[in-house]
Structures are given as C-alpha cells and as structure tokens.
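Residue numbers start from 1 in every chain, and the chains themselves are labelled A, B, ... in the order their sequence lines are given, proteins ahead of strands.
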Amino acid sequence: MAKRIEVSDLSIYYNNFLAVEGVNISIEPRSITAIIGPSGCGKSTFLRTLNRMHEVIPGGRVEGKVVMDGQDLYGEDVDPVDVRRQIGMVFQRPNPFPTMSIYGNVAAGIRLNNTKMKKSDLDDLVERSLKGANLWNEVKDRLDRPGAGLSGGQQQRLCIARAIAIEPDVLLMDEPASALDPISTLAIEDLMHELKERFTIVIVTHNMQQAARVSESTGFFNLNGIGQPGRLIEFNSTEKIFGNPDVKATEDYISGRFG
Amino acid sequence: MSTDTRAAPETAAPPRGPVRVERRLPRFALVGVYLAGIVLGAGLSALTGFSIAAALVYGVVLGTLGVYLVTRAVQGRRKATDRLVTSLVTTAFGIAMIPLISLVWTVLDKGLARFDGDFFTMSMFRVVGEGGGAYHAIIGTLVITALATVIAVPIGLMTAIYLVEYGSGRLKRAITFFVDVMTGIPSIVAGLFAFALFTLIFGNDARLGVMGAVALAVLMIPVVVRSCEEVLKLVPNEYREASYALGVPKWRTVVKVVLPTAMAGLGTGVTLSVARVVGETAPLLITVGLITGTNLNPFDGRMATLPVFAFYQLTQPGTATQAFIDRAWTAALLLIILVMALNVVARLISRFFAPKTGR
Ligand SMILES: Nc1ncnc2c1ncn2[C@@H]1O[C@H](COP(=O)(O)OP(=O)(O)OP(=O)(O)O)[C@@H](O)[C@H]1O
Ligand SMILES: [Mg+2]
C-alpha cells in the first residue's frame, strides 16, 4: 500500500545549525521522486526526516509538518519506531549486519522485532524479498553464508531486500547506487521500476541521468552559500525539470553551470 | 674507504633516476661486526674480573658502536643513524624482556618440584609437613573468581552500554570520572570496603567467599566498563541506523545488533579483566581468609584461594619449611598458568566470535 506524503514548512536543525529551511513538497504514491542538488545542500538530511531517522542524531530536530495519508508523522502521539516500520530506508553505503547470514539479514526486520512467524512463512518472505531485490538467483544456494561476504552491489541489493521485507509503504533511498558499477546501478534502477508498483519511492542521487531515467518528479535543493540553510528551489515533474525548468538556478545546475 | 669495488657500475653511468643507488652492507657483515663487539666486550670485562652482566653491557655497547661506525663509513650518515636507533630500541626491548623471562624461569624452576598429581587432588587438611596440595585453593579461586565475574560483568557491561548508547552530558562525564577513579583503587581498599560492608551485616568475624568476590568485583568493574566501552564505541553507527530504519526499538537494537557485533571484543575484555583479578591477594586475605580443608560454599565461612594459600605457605611454614616453600612456588606457577590460559582464551574468543566475511 503506497502512500502520499505531504511536507509543509519543514525546517531541519542540527543543534542550532539550520541545515534545511522551509521545504514544501508533495510526494505522490506509486511513483519515484528524485532529489538532486549539490553536495551539502541537505538532501540526506531531508530524506532522513521523512522516516524520523534525523532525530537519531544527537541534537537533531525539526520544525514543520510531514503528513502521510492525513497523519502528522511528527505528531505528539506518534511513535518513531512505528513510522520507520512504514517507511523503509536504504543507505548510501551498503550496511548488511555483519553477524548475520544472507537469510538472517533479509529476515532481520522480522527477527529483530520478535514478530512471530512460521518458519515456512519466513522462508517465503525471504525468497520473495530477495527476488524483489533481484538477488535471489545469485544467492539462493548460499543463504546461510555471511551477508558481508557479498560484493558491494550484491550487498546493496541485500539491503534493499532487507528494507522491502518489512513491507513498508514508502522506500527512501539515499544514493543507493553511488558506490556501484554501471551494471549494478542498472540492476537497481530496473528494480526501482518494479518496486514503484508497490511502493512510494524517494531517491537521492547525484547522477542527473539517473534522476531523469527513473523518476516521475524531481526536487532540486540548493544552498545560497556556505553556512546558509539548504532550500528546495524547485519541485516539478522530471520532464519539466530536465526540459524547461521554471527556475534559472535549476537550469544552471542541470546544465553544469553553477557556483 | 676506497671506491674501486664500485668502479664497474659507475663507468656504466646509468641515467640518474629518482632513486639514488646506494652501496649496501651485506647482513652477515653487520651481524659479524656486532658479534665481534660482543666478544670484545667479553674480553674487556675479563680485564676487570669476568661477569656475564658486565660482558653483556660492554658487548652491547661496543657492538652497537661498531655497527654504527661501519655503516656510517660505508653507507653514510642517514643509514647509520637508522641502524643506531634500531639497535637502541632492540636493546631496550631486550632489557624489558629480562625481568619477564627471569620471572618465568624462577617460577618454573622452583614451582615444578611440587607440580604433581597430589597438588591438584589434595587439600592441606591435616597436613603439617610434606605432601598435601592446593586442591581446596584451586577450587576456591575458581569459585570466588567466577562469582566475582558474575557480579562484575553485568554491572560493568550495562554501565558501558549506558555510557556508549544512552548517556550524555553531566551524568556521563561523572560516571566516566568515577570509573577512572575506581581503576586506580588499591586492591587493599577494595578488600576493606567489602570487609566493612559485610561486617556491618554479619559482625566482625565474618569471613565469606562472597566477600572476596565482592572485593574482586569492585576491582573488576572499572576494567570491564573501560574495555567494553571501547569495544562498543567501535561498532559502526551504520548498523544501529540500519536497525532503526527497520523499525527496531533502541533497546532491541542494542541487544540484538550492537552486542552481537561487539561480541568478540566484549568476550576478550571480560576474560582479560578476570585475568587482572585472579591473582589478587590482599583483598582476599582480609575478606576470605584461609582454611586447610575444601569449602565449596562461598556463602559459608572461610575459603582457600591460590594467592592467599601461597602467602601463608611462605610466611607461616610448619615443621617442614622446604615443603611449604615448594607449595608456595607451585601455587605461584599455577597462577601464572591461569593468567596465561585466560589470555589464550581471550584470543580464541576474539577469533571465534569475530564477524565473518567468508566469501
Ligand atoms: N551529523 C551532523 N551534525 C551536524 N551537521 C550535519 C550533520 N550531518 C550533516 N550536517 C550538515 O548538514 C548539511 C546538509 O548535509 P547533508 O548530509 O544533508 O548533505 P547532502 O545534500 O546529503 O550532501 P551529499 O550530496 O554530499 O551527501 C551540511 O551542511 C552538513 O554539514
Ligand atoms: Mg548525502
């Protein structure tokens, strides 16, 4: 069940440092939304506020609203742990749990939460998730081997399998392919096309072609200068952003003229 | 020195590369010079009345000097300084090893006399002269150390978890400070603390295994906290975040992700902290005392332990003095073996539990 996310007037702080200011964005269900922008403009920071991972960092806090299907994720009575169960995340660097097997990594969401599940159901879930992440064929004979023994690209797909195994509504991906070769990157892009049938996907990327290839909508973040907060400059359909953007800064960035 | 040995390569005049070609001294030449120095030193010491120590001191000085001068003449100053420093550092290492080796040697030499079956199977019950053994003390040491570990590890580990995962601000700094202070507590103070604590409850004559265990635990806790804290800090944040992102609450993340990832280091740290206290004498002397028979119950009366056993064997020999001294040395030998075994166990733990990549 994919969900729509409405962000309004979101400002994000590290202690007293305002990292991102006044973001308004509407993320459509069953689509891929790309976030682009220069380094340090707060893309990761913004992404992490969508599933309340930002407050894990000491001093991290936000102002504003993030509403998912009518519910404010930062409301008084909302448990961040519940939010994260509905909004999964894939990190920039692959981080499979080093103590767990491939199987254990995919089953981690279930096992770590002590969710009761029959062995056969769990087996099914693991297989489904690994197939969903396009990894099943490569690892089906060695599910009990350590997850850390896979190649970087395989590890990243393992992390995607781990994230989709808890069946979230939304999947956040922070530069999921930045450390990967073109073939693994393509595999992950294909995968995103399949996943968007079921999930709402938000992806941060430095790769403009990638954003243009995979996403329906694109948001461009930028900084006015060092020490200034990052802002959402333009949010539009990907076609418009890459064809005929409304804002001059977006065009400059996309065509490589900035700074 | 003459340079005609190098004439051939020089006439070839290779184009000057970025790396300067150097003349080299073969290894055996250096070793030869050094040994010559030692022999010379021995000869020199013979002049003043031969002794091994003097021979070695003279020899090492002359050998080092010789190597320095020869290298300097052939290979130049930089290389010579390099060699000089190398020999100084090696000599320092050698000096540092002397006490260790001579200690192990002495203990082996004197301890092996009674390192027999009886020593491991008999207590001192009704033994006043020769014979007897330290069975009761071995068991006592094992029981009390195990009990101390059971007390210290949960407290220490949880403190470390608090410091790394939860603590912040003033409380964290205060705890860190007190742990540091505790690290420096003299062991006799820990013993007196346990003694005072228990005599408050059980009266002045209380001597219990558990008192000793508490005293040892007081000594162990800061070591456990420190080593576990370091190990937990090494667990990359990525794994915690990966776990949170799966909707796993913090405490479960700590228990099921952080601790297993750090298991190897935690096991090593705990084992080494056990090794740290297993030979403590003073606190056990005042809290546990000594008996000649076997007492397995740490909650009932005095117990024997290896260090205290060794202490009393030495200080209060009965009729057969030599037999008592022999037993003391064997107990000392056994303690050293215990500590070594614990170190080996620590290594095995860290190898066994280390996260495997295994491609
Ligand atoms: N843990 C932190 N504590 C304090 N400031 C931080 C922290 N993480 C990021 N920042 C600051 O927040 C701003 C945004 O950082 P962020 O990581 O979101 O950038 P980014 O757009 O993801 O950059 P990149 O493309 O390089 O990943 C930067 O100025 C950065 O210095
Ligand atoms: Mg980033």
Note to self: Looking at A:Glu167 and A:Arg128, is there a salt bridge between them, counting it only when a charged N and a carboxylate O are closer than 4.0 Å?
What the structure shows: yes
Next item on the list: Identify which part of A:Leu172 has an atom lying under 4.5 Å from any heavy atom of chain B, answering side chain, backbone, both or neither.
Entry: neither
Margin query: Is the terminal nitrogen or CZ of B:Arg173 (NZ for Lys, CZ for Arg) located under 6.0 angstrom from the six-membered ring centre of B:Phe178 and within 45° of that ring's axis?
Written below: no
Item checked: A:Asn114 CG: over 12 foreign heavy atoms closer than 6.0 Å -> yes
Next item on the list: Using only heavy-atom distances, determine whether the side chains of A:Glu175 and A:Thr205 contain a donor-acceptor pair under 3.5 Å.
Entry: no
Check: Checking heavy atoms, do the side chain of A:Ile166, its backbone, both or neither come under 4.5 Å from chain B?
Finding: side chain
Note to self: Quick check on A:Arg93 against chain B: is it the side chain, the backbone, both or neither that has a heavy atom closer than 4.5 Å?
What the structure shows: side chain
Next item on the list: With a 4.5 Å cut-off on heavy-atom pairs, point out which of A:Arg111, A:Met100, A:Arg84, A:Arg162 contacts chain B the most.
Entry: A:Arg84
Notebook entry, point to check: Side chain, backbone, both or neither: which part of B:Ser168 has an atom under 4.5 Å from a heavy atom of chain A?
Noted result: neither
Next item on the list: Taking the six-membered ring for Trp and the full ring for Phe, Tyr or His, determine whether the centres of A:Phe46 and A:His54 are under 6.0 Å apart.
Entry: no
Check: Between A:Ser101 and A:Asp144, do the side chains contain an N or O donor and an N or O acceptor separated by less than 3.5 Å?
Finding: no
Next item on the list: Determine the option with the most heavy-atom pairs under 4.5 angstrom with chain B, choosing from A:Asn113, A:Val56, A:Val81.
Entry: A:Asn113
Check: Using non-hydrogen atoms only, which part of A:Pro58 is less than 4.5 Å away from chain B: side chain, backbone, both, or neither?
Finding: neither
